[in-house]
Amino acid sequence: MSAAGGDRAPGPDPLLVACALRIEQAALRSAGRGPGRGSAAGHTLLRTGMGPSAAERAVGRALERPGMDRAAVLATGFCAGLVPGMHPGDLVVAGETRDPQGTVTCTGSALLAEALARAAPGRTVHTGALTGSDHVVRGQERAQLRATGAIAVDMESAATLWAATRGGDRPVAAVRVIVDAPEHELVRIGTVRGGISAFRVLRAVLPAFHEWHRSLLLPRR
């Protein structure tokens with residue numbers, strides 16, 4: 001499958017789940033296997049490729065497909081935590097995403113955080129601003145980003161949600177699993193492959209994405 005390839009599942013109310021890396025895609029693909037796992041039906045899984053430009057292009061193309069004009073979009077995968085005390089395997093729910101193109105407010109972040117806590121009991125769920133970068137953040141740059149009020153950083157979420165909302169209003173969210181934190185800094189991006197804990201957490205939380213999506217379809221009082 002190419003870097004911008006997708007796994008499509010039909011449904012009247014689409015959910016596009018976007019990730020960048022092959023290992024993230026593998027975790028999400030395997031989420032429907034085994035007892036107690038959520039079904040993969042009802043969402044489209046898109047691997048965008050690494051970096052904001054790849055994410056923006058891939059998501060833009062995916063949303064041009066027939067039947068995707070009303071799709072909700074959820075960006076997911078791994079990230080770097082910015083706040084001391086964060087640990088690999090912690091979850092980050094974006095209240096908003098930020099990058100040089102602008103800020104996108106996420107939909108239903110509190111409900112999504114509650115669903116994630118049920119899906120991954122014992123894991124800490126952090127909610128706050130998720131900032132974008134075009135490179136792997138290390139050292140002092142981590143503190144500089146934290147000073148802006150962001151709690152985590154990755155390379156694709158902000159670009160994904162920017163592309164999703166550029167053509168009009170739609171529900172968007174971002175959920176990331178921390179693999180890199182101030183006291184647990186990665187030596188190289190390839191170390192992600194050894195992040196068994198983060199892989200298992202990402203594999204566990206797909207049902208929470210579906211719960212969030214179903215909540216969008218409920219009538220509002």
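Quick note: numbers below take in every heavy atom, side chains included, and nothing from hydrogens, waters or symmetry partners. Predicted, not measured: the structure shown is a model, and the values here were computed from it.
The shortest heavy-atom contact between Ser133 and Val137 is OG-CG2, 3.7 Å. Of all heavy-atom pairs between Val205 and Ala119, the closest is CA-CB, 4.2 Å. Contact between Ala27 and Arg203 at its shortest, heavy atoms only, is O-CG, 3.6 Å. Residues Ala163 and Leu63 approach most closely at O-CD1, 4.5 Å, considering heavy atoms. Scanning all heavy atoms of the two residues, the minimum distance from Ala55 to Ala159 falls at CB-CB, 4.3 Å. Heavy atoms only, all atoms of each residue included: Gly89 and Val177 are closest at CA-CG1, 4.0 Å.
The CG atom of Asp154 lies 10.0 Å from the CE atom of Met50; values are rounded to the nearest 0.5 Å. Interatomic distance, NE2 of His213 versus OG1 of Thr107, reported as 11.0 Å (0.5 Å rounding). To the nearest 0.5 angstrom, Leu15 atom CG is 10.5 Å from Arg214 atom CZ. In this structure, the separation between CZ on Arg29 and CG on Leu206 is 13.0 Å, given to the nearest 0.5 Å. Rounded to the nearest 0.5 Å, atoms CG (Asp169) and OG1 (Thr165) are 8.5 Å apart. In this structure, CZ on Arg166 lies 4.5 Å from CD on Glu56, to the nearest 0.5 angstrom.
In this structure, the side chains of Trp212 and Pro171 come closer than 4.5 Å at one or more pairs of heavy atoms. For the pair Leu16 and Leu74, the minimum side-chain heavy-atom distance is 4.5 Å or more. A 4.5 Å side-chain heavy-atom check between Val104 and Arg98 finds every atom pair outside the cut-off. Side chains of Asp99 and Thr131 form no contact here, defined as non-hydrogen atoms less than 4.5 Å apart. Two residues are said to be in side-chain contact when any heavy atoms from C-beta on lie closer than 4.5 Å; Phe209 and Leu116 meet this criterion. The shortest distance between side-chain heavy atoms of Leu46 and Thr48 falls below 4.5 Å. Side-chain contact between Leu28 and Leu202 is present, with at least one heavy-atom pair separated by less than 4.5 Å. By the 4.5 Å heavy-atom criterion applied to side chains, Arg146 and Ile151 are not counted as neighbours.
With 3.5 Å as the limit, one finds no donor-acceptor pair spanning the side chains of Arg176 and Thr76.
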Exercise. Evaluate the side-chain contact (heavy atoms from CB on, under 4.5 Å) criterion for residues Leu130 and Cys106: first the C-alpha distance (whole Å), next the side-chain angles of each, then the deciding distance (0.1 Å), finally the verdict.
Key: CA-CA 10 Å; Leu130 179 60; Cys106 296; over 6 Å; no
Quiz prompt | side-chain contact (heavy atoms from CB on, under 4.5 Å) between Thr44 and Arg65, intermediate numbers included | solution = CA-CA 11 Å; Thr44 296; Arg65 297 172 186 165; 4.2 Å; yes
Practice problem: Let me see the working for Arg70 and Arg170 under side-chain contact (heavy atoms from CB on, under 4.5 Å), right down to the final yes or no. | Solution: CA-CA 7 Å; Arg70 295 185 296 113; Arg170 72 173 73 240; 5.7 Å; no
Exercise. Please lay out, stage by stage, how Arg142 and Asp180 fare under the test salt bridge (charged side-chain N to carboxylate O under 4.0 Å, His left out).
Key: CA-CA 11 Å; Arg142 192 192 301 270; Asp180 181 35; 3.3 Å; yes
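Sorted by first and then second residue, the side-chain hydrogen bond (donor to acceptor under 3.5 Å, both in side chains) pairs with a member in residues 114-126 read Asp90-His126, Arg118-Glu211, Arg123-Ser197; sequence neighbours excluded.
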